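Below is one structure, written out as structure tokens, with a few remarks after it.
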Number of protein chains: 2
Amino acid sequence: MGTTQLASVPEPKYQHLKTVIGEALDSDFAVGEILPNERELAARFGVARATLRQALEQLELEGRLQRRRGVGTTVAPPRVGVDVSTGRHAWPGVADEAWQPQGSAADAAPAAVARVLEIGTDEQVHVVRRLRISQGQPVAAELLYVPAGSVPGLSAIDAPAGPARARAVLRELQHLALDGQDRSVELGSARAEDAKELDRLPGAPVLVVTTRYLSAGRPAAVSVATYRADTCRLTFGDSVDLVMAS
Amino acid sequence: MGTTQLASVPEPKYQHLKTVIGEALDSDFAVGEILPNERELAARFGVARATLRQALEQLELEGRLQRRRGVGTTVAPPRVGVDVSTGRHAWPGVADEAWQPQGSAADAAPAAVARVLEIGTDEQVHVVRRLRISQGQPVAAELLYVPAGSVPGLSAIDAPAGPARARAVLRELQHLALDGQDRSVELGSARAEDAKELDRLPGAPVLVVTTRYLSAGRPAAVSVATYRADTCRLTFGDSVDLVMAS
DNA sequence: TAGTGGTCTAGACCACCGG
DNA sequence: CGGTGGTCTAGACCACTAC
């Protein structure tokens, strides 16, 4: 039969779709514009909706699309550059316009946190919850863990578990000398609680920034900040205007 | 009718699965151990394979699982801490044990790169390709773009487009004074070319680290490094042993 | 060749948003 | 309420790996 092999390496359909749609986004659509719905698009490309969705998922992962249930799929604006360089964080500030204290409570340290803080799992930690707002949109949810033993003044705090209490804990932190800090970034998926505040579905991809604050040679606090991976670009230098298409 | 609302917020099945399997990984499996295959697992949990896969996908995204076609699904080791702090990078080194030069070629600058380098789209750039190895595994693929105008000596390089040429370009770079650099991290998906070198499928999630090197107040080079998001944790401090379960 | 994960289909129903 | 994206099913076939 001698069938000539036309496509020697048949690229998956969803990957080809991704390329085609991606190019269409560049040329035929404006930021914020609504795409045809998924059933319509799938029919137009002659594929099943699941296949079409696989392509859209990746484009959303890359920050090129934004999908909202009950609304539709829109063309996403370029990712927001969010400064996470040290110095700005220094100590977590009390009066930081970008970070909005949500509340605080005392609890036993989760195992993973206890390990990083080099304390026992049963030791008490103050947990401060903050939300980072950038350009009117929530971009990150943070949990700051401060061991009760880190700062003496902490035990005297008696504000109810709200923003006021959170601010009080942050204020106490300033009394400590900050030797240094180290930081790591990794990919994660949003816990239900964080997803809600970030206006995403649970499991949405997030960049987890873990910062350990050192005082007197020992970890004095740990911050776990989860940034929306779809809309954020973490920047570490002085140029927030650095833009790259992935 | 007064129907009592039993499950007010019915959690999606795949999310519950993820929790159940995740807990099983902690208690019943050792690192490297092979899980039952997907059809078996789906049957065991009484769900369709697609649903089971949705749970496995997220666990893989979080670095808890590793799936390889034709082989199976294994329990992943904790993520590797990869140091990307400034200073170690300084200039991209010629003799850096972690970074392995692959090759180099001259070409017109891609649009996105030209924008960051503040040059014209038609200007020539030297593209150096490197691979970062950590603990025997490739963890990152890098493209380093150096405008032909940045370093005079570049035009004299006549080595064939291989590792030797790459080293020559890197060597020339050392002649420039390095004023500073800025960096950003964002989520992306692996291009086919990078995926191959990272031993992943195209579209796999990666952390894209873009570094701009400044010399004489102008961008002298740009590096775009794509790190495997499933196996890597990018670290910026001096403590590589910082481990957090997401 | 047997068994694995990867892709794809053609449906169905659900949760959510807006008018 | 109608329309959107999100979840789920029960299949099928393909690409790859290891034996």
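In this text the structure is predicted, and so the values were computed from the model without any measurement.
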Glu142(A) and Ser223(A) side chains, donor-acceptor separation under 3.5 Å: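 Yes, because at least one side-chain N or O of Ser223(A) sits under 3.5 Å from a partner of the opposite role on Glu142(A).
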Donor-acceptor pair between Gln58(B) and Gln15(B) side chains, under 3.5 angstrom: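 Absent: no donor and acceptor within the cut-off.
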Verdict with supporting geometry, Thr211(A) and Arg183(A), side chain to side chain donor-acceptor pair (under 3.5 Å): CA-CA 4 Å; Thr211(A) 310; Arg183(A) 179 167 287 165; 3.0 Å; yes
Whole-Å distance between [N] [atom2] and [X] [atom1]?
X	N	atom1	atom2	answer
Phe45(A)	dT9(C)	CZ	C1'	18 Å
Lys13(B)	dT9(D)	NZ	C1'	9 Å
Glu40(B)	dT4(C)	CD	P	9 Å
Gln66(B)	dC16(D)	CD	C1'	16 Å
Gln54(B)	dT7(C)	CD	P	14 Å
Glu11(A)	dC14(D)	CD	C1'	15 Å
Glu60(A)	dG5(D)	CD	P	11 Å
Leu56(B)	dG5(C)	CG	P	8 Å

N or O in side chain of Thr73(A) less than 4.0 angstrom from dG5(D) OP1/OP2: yes
Under-4.0 Å side-chain N/O to phosphate OP1/OP2 contact, Tyr14(A) with dC8(C): no
Taking [atom1] in [X] as the centre, count heavy atoms belonging to other residues, nucleotides or ligands within less than 6.0 Å. Is the count above 12?
X	atom1	value
Ile34(A)	CD1	no
Arg68(A)	CZ	no
Asp199(A)	CG	no

Gln102(A) side chain near Glu197(A) side chain, heavy-atom distance below 4.5 Å: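 With C-beta onward as the side chain, the pair touches.
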Non-hydrogen side-chain atoms of Glu33(A) and Leu25(A) separated by less than 4.5 Å: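 In short, these two side chains do not touch, never coming nearer than 4.5 Å.
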Side chain of Arg67(A) (C-beta onward), nearest among dC8(D), dG6(D), dC8(C): dG6(D)
Contact letters for nucleotides 10-18 of chain C, in which S counts primed atoms plus P, OP1 and OP2 and B counts the base, heavy atoms under 4.0 Å: --BB-BBB-
Side chain to side chain donor-acceptor pair (under 3.5 Å) partners of Asp26(A), counting only residues at least two apart: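 Asp26(A) satisfies side chain to side chain donor-acceptor pair (under 3.5 Å) with Arg64(A) only.
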Nucleic acid contacts - residues 197-207 of chain A versus DNA chain C, non-hydrogen atoms under 4.0 Å: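 The stretch gives none, as no residue of it lies under 4.0 Å from the strand.
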Comparing Thr51(B) and Asn37(A) on DNA chain D - which has the more 5′ nearest nucleotide: Asn37(A)
